[in-house]
Student: 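Would you mind keeping the following structure in view while I ask a few things?
Remember, it's a predicted structure, so these values are computed and weren't measured experimentally.
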Amino acid sequence: FPAFGGAQHATSPGLRWAYHNASTQALEIVLSRATGESVSAFAQRELFAKLGMTTTIEKDPKGIEAVYVGFVSTCSDVAKLTRLYLQKGVWNGEQILTPEYVVDSLTPQVTSTAANASMNGSYGLQIWLNSDKGTSVTVGRAGSLYPDLPTDTFLFQGACRQFGVGVPSKDLTVVMLRPGCDTLEKAFLDQLDPSPATVFIYQLGKAISSRR
């Protein structure tokens, strides 16, 4: 992968989960080769334009679209994408994503139960999940990632602790975007301070529990 200087798989697929930017960046190669066009062009026609999103994808210094980190979106953009999944892939009467893909995306991708497997019950297809099925590698215990939130909650969780949250059981969409995170360096530094995310999750859980 040009953007990562030759990243390689550490284990056989399906045995160990790890949060790995290079694996996400590999989707740029897969999608562009499969469609014969850039990720931006494909996404603009098949997703952004249909949802009325203004999202753009930034490029790295080598001119490669940084799909692991480069999506520049507004609050409305994130809300629309989150809502699309709540509506099982339907937008304005059109099936943008297949229902099967949406279900799979919001299902923990625990593909192996082998004794040497270490899979994450808190992750679907590029989406964080609050499922209580299986063990969350992220927090090192069984149960949901965020106990204060309903177990069907899913989260588009980006750099600088920014969130697009969907709660199907409440038909609820919540977005939190934070200012002042406009460079990759700031995004990495921000990961050292989990307090904004902790406060947001706590307040959201409290608000949902009081919602009738």
Side-chain angles (χ1 to χ4, degrees), residues 1 9-35 39-40 42-51 53 55 57 65 67-69 71 73 77-114 116-139 142-146 149-158 162-175:
F1 311 120
H9 285 294
T11 62
S12 298
L15 284 181
R16 183 170 67 85
W17 180 91
Y19 193 85
H20 193 207
N21 287 333
S23 297
T24 297
Q25 183 60 32
L27 296 175
E28 185 273 335
I29 298 174
V30 173
L31 189 57
S32 60
R33 288 182 180 178
T35 62
V39 174
S40 289
F42 179 77
Q44 177 62 34
R45 184 183 67 253
E46 299 295 337
L47 181 65
F48 300 160
K50 292 181 178 181
L51 270 64
M53 296 171 62
T55 296
I57 306 175
E65 291 179 326
V67 299
Y68 76 102
V69 73
F71 288 79
S73 304
D77 291 338
V78 177
K80 288 175 179 178
L81 183 63
T82 305
R83 198 72 197 168
L84 178 65
Y85 280 77
L86 278 174
Q87 297 173 172
K88 296 181 171 59
V90 175
W91 194 264
N92 288 336
E94 181 180 358
Q95 193 76 53
I96 307 295
L97 304 174
T98 66
E100 294 80 10
Y101 176 78
V102 174
V103 170
D104 204 23
S105 297
L106 303 183
T107 300
Q109 297 298 301
V110 180
T111 55
S112 175
T113 57
N116 63 334
S118 179
M119 302 301 292
N120 196 351
S122 297
Y123 209 67
L125 298 180
Q126 299 289 309
I127 301 175
W128 290 98
L129 308 176
N130 204 43
S131 171
D132 58 355
K133 307 298 182 184
T135 298
S136 172
V137 172
T138 312
V139 293
S144 59
L145 186 62
Y146 299 115
L149 299 180
T151 56
D152 64 343
T153 300
F154 62 90
L155 309 98
F156 293 102
Q157 184 172 332
Q162 303 188 94
F163 291 89
V165 183
V167 187
S169 59
K170 302 293 184 178
D171 191 27
L172 183 66
T173 302
V174 180
V175 176

Student: Heavy atoms only: give me the nearest Ile96-Glu46 pair and the separation to one decimal.
Tutor: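 So the two residues come closest at CG2-O, 3.6 Å.
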
Student: Is the backbone of Pro150 close enough, under 3.5 Å, to the side chain of Asn130 for a donor and an acceptor to pair up by distance?
Tutor: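 Confirmed, Asn130 side chain pairs with Pro150 backbone.
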
Student: Could you tell me whether the side chain of Asp152 reaches within less than 4.5 Å of the side chain of Val167, counting heavy atoms only?
Tutor: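 A side-chain contact under 4.5 Å exists here.
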
Student: Could you grab the distance from atom CE of Met53 to atom CG of Leu47, nearest 0.5 Å is fine?
Tutor: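 Rounded to the nearest 0.5 Å, the CE-CG separation comes to 5.5 Å.
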
Student: Does Leu31 reach the side chain of Phe42, with side-chain heavy atoms less than 4.5 Å apart?
Tutor: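 Of all side-chain heavy-atom pairs linking Phe42 with Leu31, at least one is under 4.5 Å.
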
Student: Ignoring hydrogens, what is the shortest heavy-atom contact between Leu129 and Ser105? Give both atom names and the distance.
Tutor: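 Between these two residues, the closest heavy atoms are CD2-O, 4.1 Å.
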
Student: In Å, rounded to the nearest 0.5 Å, how long is the span from CD of Glu94 to CG of Leu51?
Tutor: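 Answer for the CD-CG pair, Glu94 versus Leu51, is 9.5 Å.
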
Student: Can you tell me how far apart CG (Leu106) and OH (Tyr101) are? Round to the nearest 0.5 Å.
Tutor: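 The CG atom of Leu106 sits 9.5 Å away from the OH atom of Tyr101.
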
Student: If we only count heavy atoms from C-beta on, is the Leu97 to Leu84 side-chain gap below 4.5 Å?
Tutor: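 Yes; the side chains approach each other to less than 4.5 Å.
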
Student: Could you check whether Phe154 and Trp128 have their ring centres less than 6.0 Å apart?
Tutor: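 They do not qualify: ring centres at least 6.0 Å apart.
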
Student: Going by heavy atoms in the side chains, are Gln87 and Asp171 under 4.5 Å from each other?
Tutor: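 SC-SC contact between Gln87 and Asp171 ruled out.
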
Student: Going by heavy atoms in the side chains, are Thr107 and Gln109 under 4.5 Å from each other?
Tutor: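 A side-chain contact exists here, since the closest heavy-atom pair is under 4.5 Å.
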
Student: Testing the basics here: between Ala49 and Arg45, what is the closest heavy-atom pair and its distance to 0.1 Å?
Tutor: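 Closest pair (atom of Ala49, atom of Arg45, distance): CB-O, 4.5 Å.
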
Student: Could you go through the side-chain contact (heavy atoms from CB on, under 4.5 Å) check for Asn21 and Val69 one step at a time?
Tutor: CA-CA 8 Å; Asn21 287 333; Val69 73; over 6 Å; no

Student: A side-chain contact here means heavy atoms from C-beta on lying under 4.5 Å apart; do Tyr68 and Glu28 qualify?
Tutor: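 Sidechains of Glu28 and Tyr68: no contact.
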
Student: What's the spacing between Leu172 CG and Arg83 CZ if we round to 0.5 Å?
Tutor: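 Nearest 0.5 Å value for the CG-CZ distance: 8.0 Å.
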
Student: Taking all atoms of both residues into account, what is the closest heavy-atom pair of Gly121 and Ser131, and its distance?
Tutor: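 Looking at all heavy atoms of both residues, the closest pair is O-CB, 3.8 Å.
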
Student: Which pair of heavy atoms, one from Val67 and one from Gln25, lies closest together, and at what distance?
Tutor: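 Val67 and Gln25 have their closest heavy atoms at N-OE1, 3.1 Å.
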
Student: For a quick test of reading the model, state the closest non-hydrogen atom pair linking Ile57 to Glu65 and the distance between them.
Tutor: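 Minimum heavy-atom separation between Ile57 and Glu65: CG2-CB, 4.0 Å.
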
Student: Just how far is it from atom CG of Leu145 to atom CG of Leu155, taken to the nearest 0.5 Å?
Tutor: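 Rounded to the nearest 0.5 Å, the CG-CG separation comes to 7.5 Å.
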
Student: Which residue, Phe71, Phe163, Tyr85, forms the ring pair (Phe, Tyr, Trp, His ring centres under 6.0 Å) with Phe156?
Tutor: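 For Phe156, the ring pair (Phe, Tyr, Trp, His ring centres under 6.0 Å) test succeeds with only one of Phe71, Phe163, Tyr85, which is Tyr85.
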
Student: Kindly check if the number of other-residue, nucleotide or ligand heavy atoms within 6.0 Å of NZ (Lys50) is above 12?
Tutor: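 It does: Lys50 NZ has more than 12 such atoms within range.
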
Student: Roughly how far apart are Ser122 OG and Ile127 CD1, rounded to 0.5 Å?
Tutor: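 The OG atom of Ser122 sits 13.5 Å away from the CD1 atom of Ile127.
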
Student: Determine whether Gln162 and Val78 satisfy the following criterion, side-chain contact (heavy atoms from CB on, under 4.5 Å), listing intermediate values before the conclusion.
Tutor: CA-CA 10 Å; Gln162 303 188 94; Val78 177; over 6 Å; no

